[in-house]
Amino acid sequence: MEEKITAYCFDRLDQTLCQLNREDCAIIAGGTDIMVLHKSRRGVPSKIPKPIVFIDHLSELKQVYQHHNDLHIGACSTYSELLENRLIPMPLKNAIKTIAAPAIRNRGTLGGNICNASPAGDTLPLLYVYNAKLLLRSVTGDRLVAISDFIQGPRRVQRFQNEILIEIILPSVLEEDAHVVFEKVGNRNADAIAKVLFAGFIRISNDRIDDIRIAFGAVGATMVRSTVIEKKLVGKTIPLADADITTIVAAFDKVIRPIDDQRSTATYRKTVALNLLRYFLSLKQYQTN
Ligand SMILES: Cc1cc2nc3c(=O)[nH]c(=O)nc-3n(C[C@H](O)[C@H](O)[C@H](O)COP(=O)(O)OP(=O)(O)OC[C@H]3O[C@@H](n4cnc5c(N)ncnc54)[C@H](O)[C@@H]3O)c2cc1C
């Protein structure tokens, strides 16, 4: 028997929000995660157990603009669009280039990577060290949430049924005095799911660390970041003493708890994550001497 699904595709964001307020719908942006999640077997269309609402065509969700030094990225901007945009910081472009292959990058969106909340979402560690804020909208208004509060576990986000993620805001990212590093370890340079992800952000003034942020992906249920450990480094002189590096590596050794799965082992993941941290903390290129 022929199966029917209900699908909505409104011209405007406000109409879409009204529908989401009336009915519990599955949101589809690029569909590259949700279609895979609901696939059953080869040749059979994915079966999503709710009415669906398409949002990727909405121009309100595709704006990328600068406001003071903050960067606002529309949630439905595709990876390919972001690669073409001069405002997108190079480390984020480098992370995007490691995602899937061009066909998926033409469909997949930054908002989808966040709302899918995979422990191995490639853009997530960078968004954590950029202190990304998320603008969510419903018929009752807007709210801003820090990405670390929004993502609560694998595929678990703090989104109400009637809300859409509108924008990702990267505060002060367009000030050009921080060094940002992104590393992805996978089986290949692209089209591989990460075994380990690393992002580091460091700002130095007068040879001292002003601000430092460190995030790991694929080594826990969500991105691993510890502001308590980061604070131990603030005010330290660059280059860091070996003893300081050893202390920080030991502190992260206690909070990183990877698992064994089909892609890698917990031991490999932890070793590589801590090596990447050591490498970031010893990097010469941002040191003044
Ligand atoms: C072959 C293949 C390779 C891949 N490779 C990688 C890779 O290398 N790295 C990587 O990180 N990912 C990879 N992915 C996963 C996927 O492409 C990305 O996570 C992508 O960013 C998802 O975006 P999307 O727009 O397609 O999300 P969708 O599938 O449309 O949505 C994902 C989830 O987010 C929700 N959602 C989407 N947008 C919004 C919004 N604006 N507001 C509220 N909820 C929303 C949806 O309801 C759904 O629950 C791959 C996928 C495939 C199929």
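All ligand and atom numbering here is 1-based and tracks the order in the structure. Numbers here simply count residues along the sequence, with the first being 1. Computed from a predicted structure; not experimentally measured.
For N21, the CG atom is densely surrounded, since the number of other residues' heavy atoms within 6.0 Å is greater than 12. More than 12 heavy atoms of other residues, nucleotides or ligands sit less than 6.0 Å from atom NZ of K270. Under a cut-off of 6.0 angstrom, the local environment of CD in Q152 is crowded, with over 12 non-hydrogen atoms contributed by other residues, nucleotides or ligands. Counting non-hydrogen atoms of neighbouring residues, nucleotides and ligands closer than 6.0 angstrom, the CG atom of D24 exceeds 12 such neighbours.
When the heavy atoms of L136, L165, I166, I193 are ranked by distance to atom 43 (C) of ligand 1, first place goes to L165. Comparing heavy-atom distances from atom 48 (C) of ligand 1 across L20, I27, N116 singles out I27 as nearest. Comparing G217, S77, G186, G112 by heavy-atom distance to atom 31 (O) of ligand 1, the nearest is G112.
The backbone N or O of I164 lies less than 3.5 Å from no partner atom in the side chain of R159, so there is not a single donor-acceptor pair. Using a distance-only test at 3.5 Å, with no hydrogens or angles considered, a donor-acceptor pair links the side chain of K184 to the main chain of T98. No donor-acceptor distance shorter than 3.5 angstrom exists from the side chain of R203 to the backbone of A178, with no hydrogens or angles considered. A donor-acceptor pair under 3.5 Å is absent between the side-chain atoms of E183 and the main chain of V185, judged by distance alone.
The part of R159 lying near ligand 1 is the side chain, judged by heavy-atom distances below 4.0 Å. Counting heavy atoms under 4.0 Å from ligand 1, residue I104 touches it through the side chain alone. With a heavy-atom cut-off of 4.0 Å, T123 does not touch ligand 1 at all. In S118, neither the side chain nor the backbone holds a heavy atom less than 4.0 Å from any atom of ligand 1. The part of A75 lying near ligand 1 is the side chain, judged by heavy-atom distances below 4.0 Å.
In this structure, K184 is part of the shell of residues with a heavy atom less than 4.0 angstrom from ligand 1. For the ligand labelled ligand 1, residue G31 lies inside the 4.0 Å heavy-atom shell. Using a 4.0 Å heavy-atom cutoff, A101 is absent from the residues neighbouring ligand 1.
In this structure, atom 12 (N) of ligand 1 lies nearest to the protein heavy atom N113 ND2, 3.8 Å. Regarding atom 3 (C) of ligand 1, its nearest protein heavy-atom neighbour is A100 CB, 3.6 Å. The protein heavy atom nearest to atom 53 (C) of ligand 1 is T32 O, 3.4 Å. From the protein, the heavy atom lying nearest to atom 19 (O) of ligand 1 is D33 OD2, 2.5 Å. For atom 34 (O) of ligand 1, the closest non-hydrogen atom of the protein is C115 CB, 3.2 Å. Ranking protein heavy atoms by distance to atom 21 (O) of ligand 1, first place goes to Y79 OH, 2.5 Å. The protein atom (non-hydrogen) at minimum distance from atom 9 (N) of ligand 1 is D122 OD2, 2.8 Å. Protein heavy atom nearest atom 13 (C) of ligand 1, with residue, atom name and distance: I99 CG2, 4.2 Å.
Listed here is the closest heavy atom pair of D260 and T265: OD1-CA, 3.1 Å. The two atoms that bring M35 and I28 nearest to each other are SD-CD1, 4.2 Å, heavy atoms only. Between I27 and I34 the shortest heavy-atom distance is O-CD1, 3.7 Å.
Each of the following atoms of ligand 1 lies closer than 4.0 Å to a heavy atom of I34: 29 (O). For ligand 1, the atoms sitting less than 4.0 Å from at least one non-hydrogen atom of I164 are 41 (N), 42 (N), numbered in the order shown with element in parentheses. Against a heavy-atom cut-off of under 4.0 Å, T109 is close to the following atoms of ligand 1: 20 (C), 21 (O), 23 (O), 24 (P), 25 (O). Heavy-atom contacts of G121 reach the following atoms of ligand 1: 11 (O) (cutoff under 4.0 Å). Close approach of ligand 1 to G30 (heavy-atom distance below 4.0 Å) involves ligand atoms 24 (P), 25 (O), 26 (O), 30 (O). Close approach of ligand 1 to A192 (heavy-atom distance below 4.0 Å) involves ligand atoms 8 (O). Near A29, meaning under 4.0 Å from one of its heavy atoms, ligand 1 places the atoms 25 (O), 30 (O), 37 (C), 38 (N).
Between S138 and T140, the side chains place a donor N or O and an acceptor N or O closer than 3.5 Å (distance only, hydrogens not considered). Residues Y79 and E84 bring no donor and acceptor atom of their side chains to less than 3.5 Å of each other.
Residue I55 places no N or O, backbone or side chain, under 3.5 Å from any N or O of ligand 1. Remark: ligand 1 and G111 share no N or O pair separated by less than 3.5 Å (distance only, no angle test).
We find the CD1-CG distance between I202 and D177 to be 12.0 Å, quoted to the nearest 0.5 Å.
A salt bridge is defined here as a Lys NZ or Arg NE, NH1 or NH2 lying under 4.0 Å from an Asp or Glu carboxylate O, and R107 with D56 meets this definition.
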>> Applying ring pair (Phe, Tyr, Trp, His ring centres under 6.0 Å) to F10 and Y8, what does each step give before you reach the verdict?
In response: CA-CA 6 Å; F10 297 100; Y8 302 102; 5.8 Å; yes

